[in-house]
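The next block holds one structure in the form of structure tokens; read it before the comments.
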Amino acid sequence: MIRFARAFIQALRLTLRGESLTPVHYRPLETWIAAGLTLLDQAESAAAADRIDPAALQLKLDGRATSLDTTLKMLRHNLREEYPRLIRLDDPHSMTVVQSSNLNDQYRVGQFAQSNEISSEPLRRALAELAGHLQKLPEVDLPQSNS
């Protein structure tokens, strides 16, 4: 319990000073994540506006049936949970994991954007824009280790 209190106090101090727990070299990735979440929200809004159930839209990707709903939920999880966790770890391999996961997300979103299963042009455009954003993963200049 004391560990959580210390972490809360540290986070509060950083917030009051206008600082972040994010290491400086990951700030471009943090900005990219925020933009990705905005585009993801827009894609979900486009589906809702056209009364499209993302769970009903399915493609066979890599031999498995995959729904748009699952694809968007996996992407949201990566953007909200997984990538920020990897940033906080600040491990030399964190960016490799982000790149790998992002390639999978980019592939799935791109396949849905190009699919004939999607008849809604606003949804198709929103997915294409999201897939394009995922292709622009920023370069991260990791500091050199002294070991």
Side-chain angles (χ1 to χ4, degrees), residues 3-4 6-8 10-12 14-15 18-147:
R3 187 176 89 207
F4 293 113
R6 279 190 207 130
F8 175 76
Q10 178 188 10
L12 183 59
L14 287 170
T15 301
E19 297 175 6
S20 167
L21 289 173
T22 303
V24 174
H25 49 275
Y26 280 113
R27 298 268 166 82
L29 181 61
E30 193 174 53
T31 301
W32 177 86
I33 289 169
L37 285 167
T38 298
L39 292 169
L40 177 56
D41 289 341
Q42 290 172 0
E44 290 174 338
S45 294
D50 284 346
R51 298 176 189 222
I52 295 171
D53 178 11
L57 289 172
Q58 297 215 358
L59 293 179
K60 195 165 192 172
L61 301 175
D62 299 327
R64 290 178 287 204
T66 303
S67 72
L68 178 60
D69 184 56
T70 299
T71 296
L72 297 179
K73 283 181 179 175
M74 287 178 5
L75 176 58
R76 183 170 299 282
H77 170 77
N78 284 339
L79 292 172
R80 272 198 183 154
E81 306 293 330
E82 197 63 21
Y83 300 163
R85 182 185 68 79
L86 289 163
I87 287 171
R88 286 189 304 273
L89 283 176
D90 197 17
D91 179 89
H93 305 289
S94 291
M95 201 58 202
T96 304
V97 176
V98 170
Q99 290 167 337
S100 176
S101 294
N102 181 61
L103 279 174
N104 288 329
D105 292 334
Q106 176 188 330
Y107 169 73
R108 289 185 192 101
V109 172
Q111 292 298 305
F112 275 101
Q114 297 173 9
S115 169
N116 293 330
E117 297 294 316
I118 296 180
S119 58
S120 164
E121 199 53 42
L123 177 56
R124 184 185 303 279
R125 274 194 311 271
L127 290 172
E129 192 173 348
L130 179 58
H133 176 73
L134 295 175
Q135 289 177 351
K136 298 175 187 159
L137 185 67
E139 293 281 330
V140 173
D141 293 325
L142 299 174
Q144 297 296 321
S145 66
N146 293 332
S147 47

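Note that CG of L75 is 11.5 Å distant from CG of N104, once rounded to the nearest 0.5 Å. For the atom pair E117 CD and I52 CD1, the distance stands at 11.5 Å (nearest 0.5 Å). The CG atom of L29 sits 4.0 Å away from atom CD1 of I87, with the distance rounded to the nearest 0.5 Å. Atom OG1 of T66 sits about 12.5 Å away from atom CG of L57, to the nearest 0.5 Å. Taking CG of L68 as the reference point, atom NZ of K73 lies at 11.0 Å (rounded to 0.5 Å).
The environment of CD in E121 is crowded: more than 12 heavy-atom neighbours from other residues, nucleotides or ligands sit within 6.0 Å.
Contact of the M95 side chain with the L137 side chain is registered, since non-hydrogen atoms from C-beta on lie closer than 4.5 Å. Between D105 and L79, the closest side-chain pair of non-hydrogen atoms is not below 4.5 Å. Between Q99 and N102 there is no side-chain heavy-atom pair separated by less than 4.5 Å.
Minimum heavy-atom separation, S67 to F112: C-CZ, 3.5 Å.
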Walk me through it: do H77 and M74 pass the test side chain to side chain contact (heavy atoms under 4.5 Å, CB included)?
CA-CA 5 Å; H77 170 77; M74 287 178 5; 5.7 Å; no
In sequence, state the C-alpha distance, the side-chain angles, and the governing distance for R76 and D41, and then conclude on salt bridge (charged side-chain N to carboxylate O under 4.0 Å, His left out).
CA-CA 9 Å; R76 183 170 299 282; D41 289 341; 2.7 Å; yes
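Side-chain N or O atoms of D91 include one that pairs as donor or acceptor with a backbone N or O of H93 at under 3.5 Å. Counting only distance, with no hydrogens or angles, the side chain of H133 and the backbone of L37 share no donor-acceptor pair below 3.5 Å. Checked by atom type and distance alone, the side chain of R124 pairs as donor or acceptor with a backbone atom of S115 at under 3.5 Å.
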